[in-house]
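Single-structure report; data block below.
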Amino acid sequence: MGIERMIKQWFEFRRSGQVGDEYHRHEYRWGMTIDLDKCIGCNACVTACYAENNLPVVGKERFARGLAMHWIRLERYWYTGEAGEKKTRFSERGAQYLPMLCQQCEHAPCEPVCPVTATYHTPDGLNAQVYNRCIGSRYCSNNCPYKVRYFNFYSYYDTWQTPLEQQLNPDLSVRDKGVMEKCTFCVQRIRAAKNRAKNENRKVRDGEVMTACQQACPTRAIVFGNLEDPDSQVARSWKVHKMAFGHNEKKEGKKPVRGYRVLEELNTEPSIQYLERVRDTDV
Amino acid sequence: MEEEIRKDIQWAQINRDVLHSMASPRPAYWALVGLCVAVVLVGVYAEIHQYRFGMGEARLNWPQMWGLYIANFIFWVGVSHAGTLLSAALFLTNTEWRRPVYRSAEAMTSVALLTAALFPVIHLGRVWDFYWVLPYPNERGLWPNFRSPLLWDMAAIFTYLNSSMLFLYYGMIPDLAIYRDNATGWRHRLYGWLSLGWMGTDRQWRNFRKGYLLLACFLLPLAVSVHSIVASDFAMSVMPGWHVTSFPPYFVAGALYSGCAAIITLFILLRYTFRYEEYLTLPILDKLCKLTFAIAMVWVYLNLIEFASVWYGHDMFEKEVLLEKAAGPYAPAWWTMLILGVGLPFTLLVKRVRRNMLVLLGLSMLINIIMWLERWMIISPALARNHEPYSWGYHWPGWVELSITLASFAWFTLLFLVFVKIFPSLSMYEVKEMLFHRRHVSDRLVREPAPEADSATEG
Amino acid sequence: MPKIPYQQAHSLSRIALTRRHRADEGFRSVGTASLLVVIVVVLFGAGFMLVARSSPPVMQPIEFPHFRHAGSVLEGGHEINCLYCHTYARRSPVAGIPPLAKCMGCHRYIATDKEPIKRLTEYWKNGRPMPWRKVHDLPDFVYFSHERHIQRFVFQEGQPVQQVCGYCHGDVKTMKVAERRRPLTMGWCLRCHEQFQDTGSQTPAPAQDWLIEPADVGLAGPAAHRGVPRNAPSDCWECHK
Amino acid sequence: MDSGKIDRRTFLKIMGLGGSGLILNLTGCGNASIEEGKEQVTAYVDPEDYVIPGDEVWYASTCLQCPAGCGIHARVREGRVRKLEGNPDSPVNLGRLCPMGQAGVQHHYHPDRLAQPLARTANQLQPISWEEARQRLQKIVTTVKGNSDRFALLTGSVSGHLGVLIDALMERLATDRHYVFELLTPATACHVQRELLGVPAPRFHLDTARLVLSFGADFLGSWQSPVHFAAQYAHFRESPRGTLIQVEPKMTLTGANADWWLPIRPGTEGWLALGLARLLTEEPEIAARVSATVVKTLGEYTPEAVSRITDVSADDLHRLAKALRTQRPSLVLAGGAAEGQIGGSGNVAAVVLLNQLLGNVGQTLDAPGRPPLPQLLGRPGEPAAVHALAKALPETDTLFVYGANPVYSAPDFLRLEDGLRQVSKVVVFTPQLDESALAADLVIPVRSYLEDWGTRVPTYSPEAGMIQMQQPVMRPLYPEVPGIGDVFLDLLKQIDNSYAQWDDFYAYLRHAVQLMRPLANPADEANPWGLPPMLEPPVLKPETTEQALSEQELNRSFWETVVAKGVLRLGTTTQTLRLRIRPVAAPESPAEDEAYPFTLIPSPRLGLYDGRHANLPWLQELPDQLTTVVWDSWAELHPETAARLDIAEGDVLEVRSPEGSFQAKAVLFPGIHPEAVAVPLGQGHRVGRYARGVGVNPLKILSPKFDVVTGEPALYATRVSIRKTGRREPVVKLASSDSQHNRRLVRTLPASKLKSNPEV
């Protein structure tokens, strides 16, 4: 079994094709839209992620050393007078918030570099990280342009002091030292919804599965769903903003209205579309 | 021109001199071994500490996921390259002066690779699962990822290690036979086994030479490919500062550069320790220095290429990384590396430098430190200034990383010390061949004009 | 290197003689040295698999006789459906142990004089759950769903329950105290899943090896494949999260 | 009560018998850790049908992490609550939840939770048995009964049936000394709005406004009901897109999301509002909305004068006025820094006047409607309560404290701790130790809100007549610990025997809720902002049809439906605002003080709130939304100020007011007025394993300054000086860069371009 499968997979790797064609057309491809005009930077998504995904609290000293384990982080940028921005005495147009989580790239730079295939692409378009296969070479994190892969530099399972550990979500692992981890689009929820749908001989309905960040978001800035389903909220939002896999802003010269993908020029084909923040500069 | 080797050395004297190096060691040797073992033990302690508490003890962080371990890995793989250059490349070009030097250089290759191979393992978050990188059939039907440069690394290093050790051993067989013939007791038996029944018959010599040539032909492209593959660890990534097309030749040049410097160091140390003045002569050292200079210039050129491609490539991210190297917190190290790395080889143009053992010893060790810095400067500044401004951060090695780094030097020295005591560190038969050539072939070629030339003048 | 044919690794002789593996041909053509190596590897593999195949005897608070409950009437059993007691299996990832109340539903009246039942009643009276121990344990990073398997094979495909459960749990109805009979390793799981990725035979080929004979469960022949899509996932993230 | 008791007992029994397994899944050790024959299987005795190991159950309840009272759904696996989500049925939060609400599970499972009562012996709190605690409490109650005027009760905001019980207790004791303390309630605004509009808390409709001008009201972060307003805000940002202008001395989370953030000299918001009013009344139709006398008084607020006092340029003033004139309907809000001033009530009054001038009253700002049972509204509390208490301590022999931490929150000048020492019996009811409990004579642990019964009427109620239901989502972690309702019911029973008819608070609550059945509104499923459906409906459902039900069964069905839904809606009567706009005088501008040149802004943040969540590790590690600093206190300074004083980030500063001083690291912040220094609220705790020793408490050095009208403490009026100590420490924060370095990660589109593409 092993060798034949390896050869089969090898030929699959080598087959050239359109973006996203690495797998046969699958009935699901999970995608997201984050509306930066609605995002208020409140960090509810971050806390929800901690609660859902068993993320450890590392403490001040380790946070200072850059060991925080937040699968989704809120980046806040000021206007500092770059790229044609006007630098003002005060930050007059507010702060620029960017929720940064794994972009579940269709051409993920992290995937080909893992020596043991602990990170790979699932048929439904997720960028998977298998903890029990990971040996901790950390190449994937180096190669991630979004820097959304976090490494367990220490064992954190004892940081949940009794009885805090009773809160842990039993649907996914608590990671020990030496493995990489990252946002999974709440795969445990996706898998549960898919199982439910399969039991009932149907497809997963739009809105049936929500990521933890999406569900918590006070402004519903995050829309998540199946991009293969043309009626899903997320697919509609991709369509309205003329966003699609393979879209390349530089090549096409024209930008779809409001929709963009972060660091798109690297051709990583992220599955997360951001909608531009809007500011009324006339007042 | 000065002679590379005195022509009137007796063959018996060669045997005597070289076999003397394998005699019972002096107390100084044991002291050195003791020191090395002590430093290695410190490193082992650091590794155990890191194993127990996690990679965080190496002060690595987000985004600085790689640090000194990978730098050490590249460094040691690089050091190993010069040995192959001397033993295989110069062999294929029929360079006579390589003969007294190559054995130690070849040994350095194997020992450096044995050191280098430790680092990818030490560096892993879960060292105990390192064998998952190997493509072995298993119950789960899982294979490693053949697209990963790390896997290529593993394959390349294993191949290179095996081949160069085989090459080293293969080339030693006639010498081992000499030792066997001069030894008694268990040594006689042991080296009897090791010399695989070498009798020095014509047939054996003929086959030996054929095999040696084949191995050399195999090893030379392999060596080049190995460091190219190590370079692809970086070149295949999307990271600014790593995603550089010229990295493979740049790495190979850097490897040879540092390797040649390491050979000079060992050359001087061996010459002094084992009184090899007759064999490891100053003219050979002089040629080694010139070789080092030439390679250094290739390295300088490739450096310039890198800067030029960043400049003309007009990529914002690449430029920022270059600026970070030149002006960030790592700037002192980077500038030291660049200025000394470019400047030092020029001192080799001065003949007095090439003849001064002490200066050369210092210089060659300094070049190695510089090249070690170069490896570190490839890794940390690029990670510090990546695509994502929110992750920017620096990595300064802590005691764990530093101890393991130091221990790797001690480990290298230790292995080399062991090698020189159990194997002839100078190729007896090759030196004899060299003498033979000097006496009967080369001299004639030099002194007596070639017949064709004669005829040409006549014509 | 040949694949270790652990599938039938009951004994060394079976490995050496019965399998139609290419490795057999290899033995003849290579030298004695490699044969030695192969034998050592096979011995090691077989030994490992033998250890991995069945569980050590598990000490339970009560020696629960599965054969008495699920076994054939002819042999003194009661032919109780697996899902009658392990009721969670069809709606939860965990098959679970029946709550004490379910046991007491019958044993309030049946066999109340027997020693184990007395102990059972004692637990019930104290309102304490039985401290059953796990017989089939998977590593903590494995997320196996009973629900999906039962729903697919029993409810969507209509296969007999004992046969479906038996794929992984062995012929429990013949056991006294339940024990693990299958390796429950990842390769073992995958062999079945690979068979279910296209429209091939009705039953997965490796599964035939451990299938309970239809006659044993009082049914004629394998149940029909009722157009249930054969898309068993082979995605790591299906089980490792 | 009928069958309730049995229900409850079984309800609790079925929760969480799974003592092992499925709890902690460790990955990464490399070994498979298979423990066949050793590990136990989750086994039950007699569970309810819906309790399935490996499957989740969702319970609706109410979040009590702040007074906003959002509805929650708790995800329970194997009898343990794992995750909280918003309850989409609740009109407060519509299925969403803020970081504090998410961290409720940590509050519940906190390792510092008390399992045993503590009593003071030899100046130290020692654990005592429950029996002894009960006896001591009984003794205290006996003395209180005889001498009830020397009894005082301090609570946080209470409402619903707990509020009713407390009111009853106070009534039976014939005393009104129930102090309700909430630091961050808009008490001044409520007072002014009651005066001018007739209702203390009008409903705001951001979603229908085209322009929101907010004077310091951090409605996305810490003001009233942040999740509710965030939901409104999302709607407000949809097409046609509204514009948000925030005027405040220190940028709040709301300010960070404004289209235009305008810094103002602290305390002069009223001047700006009146200056705007003057500019607006230049238009006769706007002036006609108020009486001529009002218009006349506006005369002195010329743009020049206003600009001089507020430090807002006359140009900006005109731009503001233009925006207000052109973008209708609008909504003007006041809160936070505008309210917590000496002239806070004046500031709020000026804003109410602006709303009237702009015609917003009745449109984007209307009356909430009258609930049928006003006694359930409870009391939202006010910051002044702790001051009142401190003054009254000499007349107090017995003090009960629940849901408030006065020792932490009281400024030093109140000398509250000294005062408490004079009180002979201080009893604190709390789930875990806090500063006030340390000063107590008797500490009685109470249950966390996730294991307790209750009802709650949110302080800001988006629908009048709605009641949030609170039910235990799992069996109590410490079975002997009583719920707070049980505590007060027991106290009442000792005073009034008629309460003995209810066995416990559950029985009381169930009875009371069932009595409300005739008032109930047939719950409407209105889902105003088109939310996607939730994961799973709650599990409890009435089983039989209405017709066949007896009264008792109807009651049971009603109770179960209400509890399962988490929200009870009662029919309401509509209400209109009674406008009484009077001439508004500008509040006095804060006095200049050479020795103390800066205004201290103790800024609340969404996360630690007023300090009650400082012991929750998630919220400590949650980066501050604006500075991204974690696990610390800091002093925010404008870069200009810092440059003037030669201060760099990380310099340890001494912040000194006439009342005291503390040290904090400097953080340069481009969103603060140069004359202000902001220090976040919430840190500087003495107790709590995650909070102790982290940061400083700026409340401690507040000066005794009060609103001239309402007497509420002016939180934002303290003047301070800052001085470098010469030390520098790294600031631990997430942001490595404040700039995007041309990466265009966040892209901004001018709204004018958006207008040409209405579809997006």
Side-chain angles (χ1 to χ4, degrees), chain A residues 36-38 40-44 46-48 50-52 57 60 63-64 76-78 80 82-83 90-92 94-96 98 131-132 157 161-170 173-176 178-179 207 215-216 218-220 240-241 257-258 260 262 276-283, chain D residues 22 24-29 77 80 82-83 85 96-99 102-103 105 109 111 220 227 230-231 233-234 237 243 245 253 256-261 263 323 477 532-533 606 617-618 621-622 625 628 630-631 670-671 730 732 738-740 742 745-752 754 757 760:
Chain A
L36 295 184
D37 195 33
K38 283 188 182 169
I40 55 170
C42 68
N43 274 334
V46 180
T47 321
Y50 269 72
E52 173 73 19
V57 166
K60 184 178 182 181
F63 199 104
R76 184 269 304 123
Y77 294 110
W78 299 119
T80 50
E82 297 202 351
F90 299 100
S91 193
E92 274 186 10
Q96 309 178 67
L98 179 73
Y131 311 122
N132 46 314
Y157 59 83
Q161 297 186 19
T162 313
L164 273 178
E165 83 285 345
Q166 296 191 16
Q167 178 271 326
L168 291 171
N169 187 352
S173 319
V174 174
R175 285 75 58 185
D176 199 357
V179 296
Q215 196 168 6
T219 56
R220 292 280 183 261
V240 165
H241 295 285
V257 188
R258 280 193 76 201
Y260 71 98
V262 172
E276 283 177 343
R277 180 173 166 271
V278 182
R279 282 300 171 263
D280 187 350
T281 46
D282 296 338
V283 295
Chain D
L22 297 162
L24 192 63
N25 301 299
L26 278 175
T27 277
C29 307
R77 274 278 304 263
R80 295 198 177 90
R82 310 284 178 167
K83 178 88 170 60
E85 305 286 2
R96 308 137 198 238
L97 205 56
C98 76
Q102 293 283 350
V105 276
Y109 288 120
L220 296 178
V227 183
Y233 169 86
R237 286 304 200 192
T243 303
I245 303 174
L253 184 58
N257 288 291
D259 293 271
W260 183 19
W261 181 81
L477 279 182
L606 181 63
W618 285 345
E621 189 137 315
L622 194 68
Q625 286 87 350
T628 76
V630 295
W631 290 97
V732 180
D738 281 339
S739 153
Q740 301 192 47
N742 296 326
L745 304 171
V746 186
R747 303 184 188 178
T748 306
L749 190 74
S752 48
L754 185 72
N757 286 284
V760 290

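Protein chains get the first letters and strands the later ones, always in sequence-line order, with residue 1 at the start of each. Predicted, not measured: the structure shown is a model, and the values here were computed from it.
Scanning all heavy atoms of the two residues, the minimum distance from D:R82 to A:Q167 falls at O-NE2, 2.9 Å. Residues D:Q102 and A:A51 come closest through the heavy atom pair OE1-CB, 4.5 Å. For the pair D:Y233 and A:D37, the tightest heavy-atom approach, listed with the atom from each and the gap, is OH-O, 3.8 Å. Scanning all heavy atoms of the two residues, the minimum distance from D:A751 to A:V278 falls at CA-CG1, 3.6 Å. Across A:P218 and D:R96, no two heavy atoms sit closer than the pair O-NH1, 2.7 Å.
Two residues are said to be in side-chain contact when any heavy atoms from C-beta on lie closer than 4.5 Å; D:L749 and A:R279 fail this criterion. For the pair A:V46/D:P99, no side-chain contact is recorded, criterion being any heavy-atom separation below 4.5 Å from C-beta on.
In terms of non-hydrogen atom pairs under 4.5 Å with chain A, the most contact-rich of D:N257, D:L220, D:V732, D:V105 is D:N257. If you tally non-hydrogen atom pairs under 4.5 Å between each of A:G41, A:A48, A:G178 and chain D, the highest count goes to A:A48. No other option in D:V630, D:I245, D:T628, D:L606 has as many heavy-atom pairs under 4.5 Å with chain A as D:V630. Taking D:T243, D:L477, D:V227 one by one and counting their heavy-atom pairs under 4.5 Å with chain A, the maximum is reached by D:T243. Among the candidates D:A103, D:G671, D:C98, D:A230, the residue making the largest number of heavy-atom pairs closer than 4.5 Å to chain A is D:A230.
The backbone N or O of D:V746 sits nowhere less than 3.5 Å from a side-chain atom of A:Y77 that would complete a donor-acceptor pair. A:E92 places no side-chain N or O within 3.5 Å of a backbone atom of D:W261 that could act as its donor or acceptor partner.
With sequence neighbours left out, D:Y109 forms a ring pair (Phe, Tyr, Trp, His ring centres under 6.0 Å) with no residue at all. In this view, D:Q625 satisfies the side-chain hydrogen bond (donor to acceptor under 3.5 Å, both in side chains) rule with no residue, not counting sequence neighbours.
With a threshold of 4.5 angstrom between heavy atoms, A:V262 approaches chain D through side-chain atoms but not through N, CA, C or O. Heavy atoms of A:L36 lying under 4.5 Å from chain D belong exclusively to its side chain. For a residue to count as touching a neighbouring chain, one of its non-hydrogen atoms must lie under 4.5 Å from one of that chain's; by this rule A:T162 touches chain D with the backbone only. In this structure, the portion of D:P263 lying under 4.5 Å from any heavy atom of chain A is its side chain and not its backbone.
If you take CZ on D:R237 and OG1 on A:T219, they are separated by 10.5 Å, rounding to the nearest 0.5 Å. Rounding to the nearest 0.5 angstrom, the gap separating the CG atom in A:L164 from the CH2 atom in D:W618 is 8.0 Å. To the nearest 0.5 Å, the span separating CG on A:L98 from CG on D:L745 amounts to 6.0 Å. Summarising the geometry, atom CG belonging to A:N169 is positioned 13.5 Å from atom CZ belonging to D:R80; distances are rounded to the nearest 0.5 Å.
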